2 protein chains.
Amino acid sequence: MAAVTIKDVAQVAGVSPSTVSRVISNHPKISHATRKKVRDAMTKLDYHPNIMAKSLVSKSTNTIGLVLPYSSNNLFINPFFSEVLRGMLAYANNKNYDLLLSSARNQSEELEAVNRMVLGRRIDGVVLMSPIRDDVIVKKLIEYDFPFVLLGRSMEYPNVLSVNNDNIKASYDLTNLLISQGHHKIGIVTGNPELVVSQDRLDGFKKALEKAGCILNPDWIISAEMLEKNGYHTISMLMNAEDRPTAILVIDDVIAISLIRELVEVGFQIPKDISIVGFNNIYMSEMSNPSITTVDVGIYQLGYQTVQHLIRKLTGEKNVPTQVIVPHRLIIRESTK
Amino acid sequence: MAAVTIKDVAQVAGVSPSTVSRVISNHPKISHATRKKVRDAMTKLDYHPNIMAKSLVSKSTNTIGLVLPYSSNNLFINPFFSEVLRGMLAYANNKNYDLLLSSARNQSEELEAVNRMVLGRRIDGVVLMSPIRDDVIVKKLIEYDFPFVLLGRSMEYPNVLSVNNDNIKASYDLTNLLISQGHHKIGIVTGNPELVVSQDRLDGFKKALEKAGCILNPDWIISAEMLEKNGYHTISMLMNAEDRPTAILVIDDVIAISLIRELVEVGFQIPKDISIVGFNNIYMSEMSNPSITTVDVGIYQLGYQTVQHLIRKLTGEKNVPTQVIVPHRLIIRESTK
DNA sequence: TATAGTAATGGAAACGTTTGCACAGGAGGT
DNA sequence: ACCTCCTGTGCAAACGTTTCCATTACTATA
């Protein structure tokens, strides 16, 4: 715990601190002999540079900030998040970046957290996962010209780096799958309407219905919130009406799984009585009973590419794209027929 | 992005930088008038202190390190982890601490990551989640006298702060539940034998069987690894033997859910033909079909209390316990009868 | 042989804070 | 009127790096 500094290394190696610094940063004009001396001293003393001091002068921290949005309780329950994080860490750590995590319970806390990190010069770039449209943070970061990336919400700011799926297309494809299986009475469980992803998936759904000439009964649009609050009643109403859907598209696999549970409790069989499809392809989609037909959105890739392109931008790489779309693919399982 | 410093604030407020610093840190001997002047200047300039500079001199970073262990692929798939993280963030952010995340793919990377954080003076304390017993990192941290907390592995180092469940007791209780339901032929799906938690849960299981005078057929001990590799075959062997268990205790809910899936595929009904219990009580335990009888280990609390006690220690609080046990409770659902 | 150029290194300032010490000025005690 | 003590504030050093500039000692060129 002796707090060995660059000076100690310098002394042991018999050189100046500047030289040690140069060895560390692989400066070209260091003689082979000196380099070795310094390296030896470093390992002998088990030297690790003080990142704070380093960042203070170099103005770079090799750290990426991540503020978990205030709707994150859902996100956290949802295995989606940890898989995204896994992808982010994989790329970041490989490039010797760390992740600095903060969470927020509301928008002002979120702003405060970003300010602390950004203005406090703690991070080189920041990932915004907050799925709510049009927040003040984005504008502020643009104003500061601070590097950031939007995860899961493209299209809003054309020149801003963002990584997302084409959720409209994914939803369109998934709906078409149901249609191709013979369904033309299809309901939907929608997510929080403030979320870009919810809007997109609803759009794609409607688009596919329209194209196929199916009508969408307004009674067949169920909000996830309502389902959570009063699942049994909601399901009963829907399924006991004289006109009822033969398939339901659900905005998220987690919700799809709980919907299936409700349906089974009310006495329906999946997919015999009704087909269910979800989104994301989380691990449980495969394991649940019945397994879920869904669209794999490449969760890991979403996280991975998010920090990949951010870091590419940070390191001054040219030709970094602005709008990155991670491809999706349909996964057909037992919950549809 | 003007990088406003303490000097700018000082100038605007018409005081010295030291005074500004004192206002920030709530130094007692600052006149009310000055305090106000400085505060006004700070908000006017939207000043946020440079954390790097601050940490450099104060030697504290208000950051807690978290190195995700190299067995973390399992952890990540497992929603356990994100719930732990949620608990950690809740407490940390509330106390104005951030979390610095690093991951490692093997033990040497793990050591390297800890070294970078600790010796690089980037964090004030570190959470070790690596569930493998007896690693070199713990010894090194003890040697450095650096604050840390062990999550999920008590008892190993008596004077080291650790937060854990009483997994032996939890497993004992859960097994007794099965016994009380009339089962006396009980199998077990064990986890990685290197993990402390696996060992503990196996111990509790055996203890309960022994106490009740049940015999444990060695054929009824299945490793999760084997199950994953060749589930169908493993299950068939087990269930088609002339002597077979009427209940199985599974080391983890995620594995329990996939075991149920295998069993159903091979043609057995749960709990009619065989009862299944799991561990942890993740969200899916309730939603899956059938829902899982399990033991709620307070995942969120595990994370919450881990950083709670670490921070208490960091802030020099007295009477911080060393071995914290988060209580568990049985949750009886549909997978048992 | 003088000159310029280059390779390798050291010295010192700077990054933005905190904090020990010094000091001005006023209050209170004698 | 003097001394002491306290309150509030400023100065300057320190934290551990990086990096610009200067310096030395060669080497190659004229």
Side-chain angles (χ1 to χ4, degrees), chain A residues 1-39 41-42 45-63 115-124, chain B residues 1-39 41-42 45-63 115-124:
Chain A
M1 208 48 192
V4 22
T5 77
I6 214 173
K7 287 182 190 168
D8 302 321
V9 177
Q11 192 165 12
V12 169
V15 299
S16 77
S18 340
T19 302
V20 176
S21 173
R22 279 186 265 254
V23 170
I24 294 171
S25 54
N26 275 317
H27 189 100
K29 301 189 191 173
I30 292 287
S31 76
H32 203 273
T34 315
R35 202 177 291 272
K36 173 148 175 39
K37 269 191 306 183
V38 172
R39 288 259 162 76
M42 290 201 307
L45 299 180
D46 194 18
Y47 170 76
H48 286 254
N50 182 316
I51 315 273
M52 297 299 164
K54 177 177 181 155
S55 308
L56 181 57
V57 24
S58 73
K59 281 159 177 4
S60 90
T61 61
N62 267 44
T63 304
N115 269 338
R116 234 190 19 238
M117 287 182 175
V118 171
L119 269 30
R121 304 289 183 290
R122 281 197 87 171
I123 55 176
D124 297 344
Chain B
M1 207 48 190
V4 22
T5 76
I6 214 172
K7 286 183 192 169
D8 302 320
V9 177
Q11 194 165 10
V12 169
V15 298
S16 77
S18 341
T19 302
V20 176
S21 172
R22 281 187 263 253
V23 169
I24 294 171
S25 54
N26 275 317
H27 190 101
K29 300 191 191 174
I30 293 287
S31 75
H32 204 272
T34 315
R35 202 176 290 274
K36 173 149 176 38
K37 271 192 305 187
V38 172
R39 288 259 161 77
M42 291 201 305
L45 299 181
D46 195 17
Y47 169 75
H48 286 254
N50 182 317
I51 315 273
M52 298 300 165
K54 177 177 181 154
S55 307
L56 181 57
V57 24
S58 73
K59 283 162 176 3
S60 91
T61 61
N62 268 45
T63 304
N115 268 338
R116 235 189 21 239
M117 287 183 176
V118 171
L119 269 28
R121 304 292 184 286
R122 282 197 86 173
I123 55 176
D124 297 343

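Throughout, protein chains are lettered first and strands after them, A, B, ... in sequence-line order, and every chain is numbered starting at 1. Everything numeric in this text was worked out from a predicted model, so none of it was measured.
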Any side-chain heavy-atom pair from T5(B) and N50(B) closer than 4.5 angstrom?
-> no
Look at the side chain of R39(B) and the backbone N and O of K37(B), then say whether any donor-acceptor pair between them is shorter than 3.5 Å.
-> no
Heavy-atom side-chain proximity of T61(A) to I51(A) below 4.5 angstrom = no
At the 4.0 Å heavy-atom cut-off to chain B, mark where contacts on DNA chain C begin and end, going 5' to 3'.
-> dG16(C) to dG20(C)
Quick one: side chain to side chain contact (heavy atoms under 4.5 Å, CB included) partners of P17(B), sequence neighbours excluded?
-> I6(B), K7(B), A10(B)
Partner set under side chain to side chain contact (heavy atoms under 4.5 Å, CB included) for S25(B), not counting sequence neighbours = none
In residues 18-30 of chain A, what residues come within less than 4.0 Å of DNA chain C, judged by heavy atoms?
-> S18(A), T19(A), R22(A), K29(A), I30(A)
Angle separating the five-pair end axes of the helix from dT1(C)-dA30(D) to dT30(C)-dA1(D), nearest 10°, is 50°
Tell me, please, which residues at least two apart from K36(B) pass side chain to side chain donor-acceptor pair (under 3.5 Å).
-> D40(B)
Under the side chain to side chain donor-acceptor pair (under 3.5 Å) test, which residues partner S31(A), sequence neighbours left out?
-> T34(A)
So, for V4(B) and D8(B), which heavy atoms are closest and what is the spacing to 0.1 Å?
-> CA-OD2, 3.3 Å
Side chain to side chain donor-acceptor pair (under 3.5 Å) partners for S55(A), two or more places apart = none
Partners meeting side chain to side chain donor-acceptor pair (under 3.5 Å) with N62(B) (sequence neighbours left out) = none
Do the non-hydrogen side-chain atoms of V12(B) and Y47(B) ever get within less than 4.5 Å of each other?
-> no
DNA chain D contacts made by residues 48-56 of chain B, counting heavy atoms under 4.0 Å = L56(B)
Sequence-distant partners of S18(B), side chain to side chain contact (heavy atoms under 4.5 Å, CB included), two or more places apart | S16(B), R22(B)
